[in-house]
Amino acid sequence: MRLDVVTIFPDYLRVLDLSLIGKAAGTGLIDLVVHDLRDWTHDRHRTVDDTPLGGGAGMVMRPDVWGEALDTVLDLPADPTAAREAVTARRGTGTRQVLVVPTPAGELFTQRTAEDLAHADQVVFACGRYEGIDARVPEHYRELGVEVRELSIGDYVLNGGEAAALVIIEAVARLRPGVLGNPGSVVEESHSEAGLLEYPVHTRPVAWRGHDLAVTWPGLLSGDHPRIARERREQAIARTVARRPDMVARLEAQRLGAGDRAA
Ligand SMILES: O[C@H]1NC=Nc2ccccc21
């Protein structure tokens, strides 16, 4: 999988050279390329933004600079007709290219989104700053037939797309075969297929500062694995009910929906 990140803060992405993604990048499982958007400016001040049309606070990132950058990174000719043909030809060869634009105005990024993006051959991240990127940019690439996903990582305000790109990259890259040392750990995670939060985990010592698992959760130490699995699921359900009523409501709706189909 190839990951490209276009940003005015390339150093922000250096953290990806560490740990999991760093190792994967080193072994060629994941090719990560970070691009400085200002490399596609032509003026002395390397300007990437301008005042908002229609007025309003802040600055908006220019479509012309982004267009040149994304044509290069997506490997598309500048001419729209030729670009459309290139996209169609690429799709024909089964090569899946996705343009991700992190934005607070995007669809919510979830584990399902991560699982979907993990099947792409190339994911290009356009990281906006200021008030965002001119809205014609994602629109233009959608019109060329490029798969464009405008994604929010949650309902809170960041200053730009780079932190969101890091979150999305970590969630996606770890799903790629060979990236995680222990593939089993992808199975019983929070937000996995079961739609529950993960059960609480513990390790030695059994008794720690008066918290004695032999007293509070003897089943965990019983070696009776069906019992342990059952009690862990009970804990996962209790946690989900207590912390994420929204997930419980979704599970309920799915169950009822399944019931209707079964009826
Ligand atoms: O404001 C943030 N909320 C959620 N996702 C984002 C993605 C990119 C920029 C900013 C945000």
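Counting starts at 1 for both ligands and their atoms, in listed order.
Ion pairing between a basic and an acidic side chain is recognised when a charged N comes within 4.0 Å of a carboxylate O; Asp116 and Arg96 show such pairing. The existence of a salt bridge linking Arg112 and Glu115 is confirmed by a sub-4.0 Å separation between a basic side-chain nitrogen and an acidic carboxylate oxygen. Using a 4.0 Å cut-off between a side-chain N of Lys or Arg and a carboxylate O of Asp or Glu, Glu147 and Arg149 qualify as a salt bridge.
Enumerated by chain and number, the residues approaching ligand 1 to less than 4.0 Å through a heavy atom are Pro102, Thr103, Pro104, Ser152, Ile153, Gly154, Tyr156, Val157, Leu158, Gly160, Gly161, Ala164.
Counting only residues at least two apart or in different chains, ring pair (Phe, Tyr, Trp, His ring centres under 6.0 Å) contacts with residues 203-234 comprise His202-Trp217, Trp208-His211.
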Requested in this report: For Glu198 and Arg239, run salt bridge (charged side-chain N to carboxylate O under 4.0 Å, His left out): C-alpha distance rounded to whole Å, both residues' side-chain angles, the deciding distance at 0.1 Å, then the answer.
Outcome: CA-CA 8 Å; Glu198 201 171 58; Arg239 257 186 171 187; 5.7 Å; no
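A distance of 14.0 Å separates OH of Tyr199 from CD1 of Ile237, quoted to the nearest 0.5 Å.
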